[in-house]
Amino acid sequence: MITVDWTAFTPFSAAVGGVLIGLAAGAFILLNGRVAGISGILGGLLKPGRGDIAWRGAFLAGMIGAPALWIIFSALPDIEVSASTPVLVAAGLLVGYGTRLGSGCTSGHGVCGLSRLSPRSLVATLLFMGAGFATVYVARHVLGGM
């Protein structure tokens with residue numbers, strides 16, 4: 001049985017956030033000719049090309065600075081993390097490995113690739129969403145909630 005926490009159901013802010021992500025990704029590709037794939041932008045800093053460091057650094061600084069700006073105007077929601085630190089580290093490493101293996105992440109394939117009707121992004125998005133569903137099922141129902 002699935003239990004829904006209706007107090008955490010925030011359709012208006014979720015819709016506004018989705019629209020802002022879409023606008024930002026669209027503006028980024030229209031103004032810069034580049035896909036706003038976070039893993040690719042971050043990965044490009046590891047082997048930067050000529051003229052690549054400034055825009056990649058500015059993009060990532062914006063991603064870090066936006067929550068900091070949010071804190072000035074509003075409190076962040078309370079977050080409860082029930083997984084242990086080793087599980088979180090392993091999960092983060094697996095996500096990082098998966099994004100490199102799939103040549104992109106949710107922002108690159110899921111937001112930008114699907115909006116450009118890319119078949120490769122459709123396959124990648126279906127694969128990582130399916131892997132996510134399977135992982136949650138195994139963690140909650142086979143391993144007992146870790």
Side-chain angles (χ1 to χ4, degrees), residues 2-137 139-140 145-146:
I2 297 173
T3 304
V4 176
D5 179 7
W6 291 105
T7 61
F9 183 63
T10 56
F12 179 73
S13 62
V16 170
V19 168
L20 289 175
I21 289 171
L23 286 174
F28 196 72
I29 198 164
L30 287 174
L31 298 174
N32 297 315
R34 296 180 184 270
V35 172
I38 310 306
S39 62
I41 292 171
L42 180 61
L45 281 176
L46 301 175
K47 292 181 182 177
R50 179 177 284 207
D52 253 9
I53 294 176
W55 73 267
R56 290 177 191 275
F59 191 95
L60 294 174
M63 288 188 62
I64 294 169
L69 189 63
W70 181 271
I71 290 172
I72 293 172
F73 297 106
S74 177
L76 291 177
D78 292 331
I79 298 172
E80 181 182 332
V81 178
S82 58
S84 66
T85 300
V87 168
L88 292 174
V89 169
L93 291 172
L94 286 171
V95 168
Y97 177 74
T99 58
R100 297 311 291 173
L101 186 66
S103 300
C105 57
T106 52
S107 57
H109 283 302
V111 175
C112 299
L114 290 180
S115 67
R116 293 182 302 130
L117 305 177
S118 165
R120 187 182 100 166
S121 291
L122 175 62
V123 171
T125 303
L126 289 173
L127 285 173
F128 63 66
M129 292 299 289
F133 296 151
T135 301
V136 169
Y137 180 82
R140 288 191 177 174
M146 297 178 65

Pairs meeting criterion side chain to side chain donor-acceptor pair (under 3.5 Å) with involvement of residues 31-48, two or more places apart: none
Non-hydrogen atoms of A36 and F59 that approach each other most closely: CB-CZ, 4.1 Å
On a heavy-atom basis, which atom in S115 and which in V111 lie closest, and how many Å separate them? OG-O, 3.0 Å
With rounding to the nearest 0.5 Å, note down the distance linking [atom1] in [X] to [atom2] in [Y].
X: L101; Y: S103; atom1: CG; atom2: OG; value: 7.5 Å
X: L69; Y: I64; atom1: CG; atom2: CD1; value: 14.0 Å
X: R56; Y: L42; atom1: CZ; atom2: CG; value: 9.5 Å

Please say whether more than 12 non-hydrogen atoms of neighbouring residues, nucleotides or ligands are located less than 6.0 Å from CH2 in W70. no
Audit row: I41, W55, side-chain contact (heavy atoms from CB on, under 4.5 Å) steps and yes/no: CA-CA 9 Å; I41 292 171; W55 73 267; 3.8 Å; yes
What side-chain donor-acceptor pairs closer than 3.5 Å can you find for residues 118-128, not counting sequence neighbours?
from : atom 1 : to   : atom 2 : distance (Å)
S118 : OG     : R120 : N      : 3.4
S118 : OG     : S121 : N      : 3.2
S118 : OG     : S121 : OG     : 3.4
S121 : OG     : H109 : ND1    : 2.8
T125 : OG1    : S121 : O      : 2.7

Working for side-chain contact (heavy atoms from CB on, under 4.5 Å), residues L60 and L45: CA-CA 10 Å; L60 294 174; L45 281 176; 3.2 Å; yes
Do side-chain atoms of T99 reach the backbone of G96 as a donor and acceptor pair under 3.5 angstrom? yes
